[in-house]
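Given the structure is predicted, the values throughout are model-derived calculations rather than measurements. All chains are named by letter (A, B, ...) in the order of the sequence lines, taking the proteins before the strands, and each is independently numbered beginning at 1.
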Amino acid sequence: MILALAPLAGVGHFLGQEFTRNAALAGGAIAVAAGMVGYFLVVRAQVFTGDALGHAAFTGALAALAAGLDVHVGLFAGTILVALLLGALGPRGRADDVVIGSVFAWLLGLGVLFLSLYTTSSSTGDSRAGITVLFGSIFGLSDHATVLAVLTCLGVVLVLTGLARPLLFASFDEAVASARGVPVRLLGTALLVLVAVTAAEAAPAVGALQLLGLLTGPAATALLITRRPFRALALSGGVALVEVWLGLGLAYAVPSLPPTFAIMAVIVAGYGAARVADRAGRRVEV
Amino acid sequence: MLGALPGPLALATPHLSWNVVADVREMFRYPFMVNAFRAGTAVAVLSAVVGWFMVLRRQAFVGHTLAIVGFPGAAAAAWLGAPPALGYFAACLLCALVIAALSGRGAGGDDRGEPAVIGLAQAAALATGYLFISLYHGNLEGTNALLFGSFLGVTTGQVVALTVVAVVCVAAVATIGRPLMFASVDPGTALARGIPVAALGVGFLLLLGAAAAGASQITGSLLVFALLVLPPATARRFTLRPGLGIVLAVVLGLAVTWAGLTLAYYTTYPIGFWVTSLAFGLYVVVHAVHAVAHRGRHRPQPERAP
């Protein structure tokens with residue numbers, strides 16, 4: 001409501017508080033990283049793999065909670081292990097969808113086991129833990145978690161930028177890239193590890209389950225706007241950043257909306273708008 | 001509900017003896033366990049039959065999305081005070097139609113649509129479900145049950161509804177089975193022979209939606225895959241023949257469901273964990289045995305377009 005009346009005052013108010021500032025910083029960093037790795041997942045038709053890594057984040061986090069470890073240890077261990085596993089299982093670093101489905105059905109089952117172990121055995125156990133990991137709590141990030149998220153995502157973006165050229169080559173024309181001596185398989189696995197790291201950072205903030213929307217939505221939007229690879233890659237990160245910030249603002253202005261829902265709503269609206277504009281543009285051309 | 005409770009009956013903790021007959025009889029003394037077994041049986045048969053075609057058609061991701069969409073449906077039903085079963089079926093069937101409409105143009109048998117769009121739809125559906133939950137201010141145990149399943153509160157009405165849905169869907173699969181098989185394996189030739197490939201695709205998506213909605217009520221939205229993918233995928237390791245494969249998938253699905261229910265009853269661990277672990281264990285063992293047995297004969301798998 002504040003935002004609607006006086007946008008500038010609303011933004012000032014938003015940034016004046018610690019929990020919202022942390023959410024904007026961490027959310028922005030996660031958005032850029034997720035948008036960029038998501039672009040590769042979409043052009044390589046590996047969306048389902050990204051989904052499985054989100055589920056791995058859920059199981060990893062709950063395993064750590066059940067074992068009394070730091071959640072971040074479980075998040076990173078879970079997602080990176082599954083990324084390496086999926087990279088090893090599939091031909092050329094790409095697993096079959098039935099294999100992925102089988103693996104993640106079991107991952108979720110394990111997650112449920114850890115959830116029940118955590119809630120029944122430990123005295124500090126809290127049945128909200130599972131819900132928090134699944135649906136995220138971006139307004140509940142600590143300073144420490146924020147710094148970690150920003151640094152990790154910065155690392156992901158830098159590594160991805162470094163790998164972008166060979167990775168694009170390997171993604172668009174795998175056979176030729178392979179013949180030219182590009183390590184196609186290694187690049188595929190490296191991409192999965194980058195997705196895994198992003199997923200581990202994003203899961204506590206936007207939720208293990210809706211992470212998929214952040215990976216695919218901005219990328220699909222960017223691909224509607226431009227087909228040129230590098231431009232689309234950068235645009236995907238940028239679109240994700242803007243959408244997450246808009247979503248956070250919306251959730252802040254309308255407190256009854258869960259922040260993750262607000263972010264997903266903005267992403268869906270962005271994709272819808274790009275699609276309508278794309279269709280209109282085509283009609284003009286014809 | 002079981003997700004967080006220490007066990008179904010904290011007062012008289014059931015324990016296994018070596019007398020199997022006595023154990024089963026003891027479990028079936030409780031009407032809720034009888035209902036759970038009836039519902040589980042209907043769901044396992046339906047999931048295995050529909051899942052076999054899903055694996056054949058490589059629509060695992062769509063199946064997963066349909067299952068996920070059941071969650072906001074059920075959450076909305078809870079918020080509005082309607083029965084959750086209604087929410088599951090309405091949401092899953094609606095989503096099947098939407099996916100069919102968005103990707104239906106290509107009659108080439110490629111119903112997978114744009115995976116990115118499906119992924120976005122899935123995430124948006126989950127977020128919407130969470131919105132309904134927070135509007136409802138409901139108990140979080142209920143959320144866990146919607147996501148991860150519960151066999152405790154299965155009513156007789158639910159059993160009847162699930163059985164009717166299962167019978168109708170299996171009959172539908174039996175009716176369209178032959179052309180569906182043809183359209184799935186070789187859509188080009190099927191189309192040339194005058195088989196309505198696109199209509200069959202839409203029909204199958206609806207069946208998949210019904211199966212996902214039914215299974216969601218036992219395994220929860222997130223674990224439908226355990227019954228939809230794993231038994232058929234395991235069965236396909238033994239035989240590629242349709243009739244035999246479907247029967248085998250049904251047998252495996254029933255075995256996993258019954259064993260999962262029994263173990264969930266006798267231990268403190270949730271049903272979702274048992275069903276997924278048993279199904280995945282079978283899948284891995286069968287694949288490992290197959291890999292060892294066929295190590296000598298290297299047979300390259302046909303390459304598929306990603």
Worksheet item: Among B:Ala123, B:Gly272, B:Ser277, who wins on heavy-atom pairs under 4.5 Å with chain A?
Response: B:Ala123
Worksheet, complete the sentence: Per-residue tally against chain A (heavy atom, under 4.5 Å) across B:Trp274, B:Tyr283, B:Phe273 peaks at B:Phe273
Discussion item. What I'd like to find out is whether the side chain of A:Thr260 reaches to under 4.5 Å of the side chain of B:Tyr130, using heavy atoms alone.
Written reply: no
Item to complete: Mind ranking A:Ala105, A:Ser256, A:Ala219, A:Gly38 by heavy-atom pairs under 4.5 Å with chain B and telling me who comes out on top?
Response: A:Ala105
Exercise answer: donor-acceptor pairs, residues 60-67 of chain B side-chain atoms, under 3.5 Å, sequence neighbours excluded:
| residue | atom | partner | partner atom | Å |
| --- | --- | --- | --- | --- |
| B:His64 | NE2 | A:Asp51 | OD2 | 3.2 |
| B:His64 | NE2 | B:Gln122 | NE2 | 3.0 |
| B:Thr65 | OG1 | B:Phe61 | O | 2.9 |
| B:Thr65 | OG1 | B:Gln122 | OE1 | 3.2 |

Discussion item. Does atom CZ (A:Phe172) have a neighbourhood of more than 12 heavy atoms from anything else shown, all under 6.0 Å?
Written reply: yes
Fill in: A:Leu246, A:Val239, A:Leu241 screened by side chain to side chain contact (heavy atoms under 4.5 Å, CB included) with A:Glu243, the one that passes
A:Val239
Worksheet item: Measuring heavy-atom distances to chain B, does A:Val98 have an atom under 4.5 Å in its side chain, in its backbone, in both, or in neither?
Response: both
Show me the side-chain donor-acceptor pairs of residues 222-236 of chain B shorter than 3.5 Å, one per line, residues at least two apart or across chains.
| residue | atom | partner | partner atom | Å |
| --- | --- | --- | --- | --- |
| B:Thr234 | OG1 | B:Leu230 | O | 2.6 |

Worksheet item: Where on B:Phe280 is there a heavy atom nearer than 4.5 Å to chain A: the side chain, the backbone, both, or neither?
Response: side chain
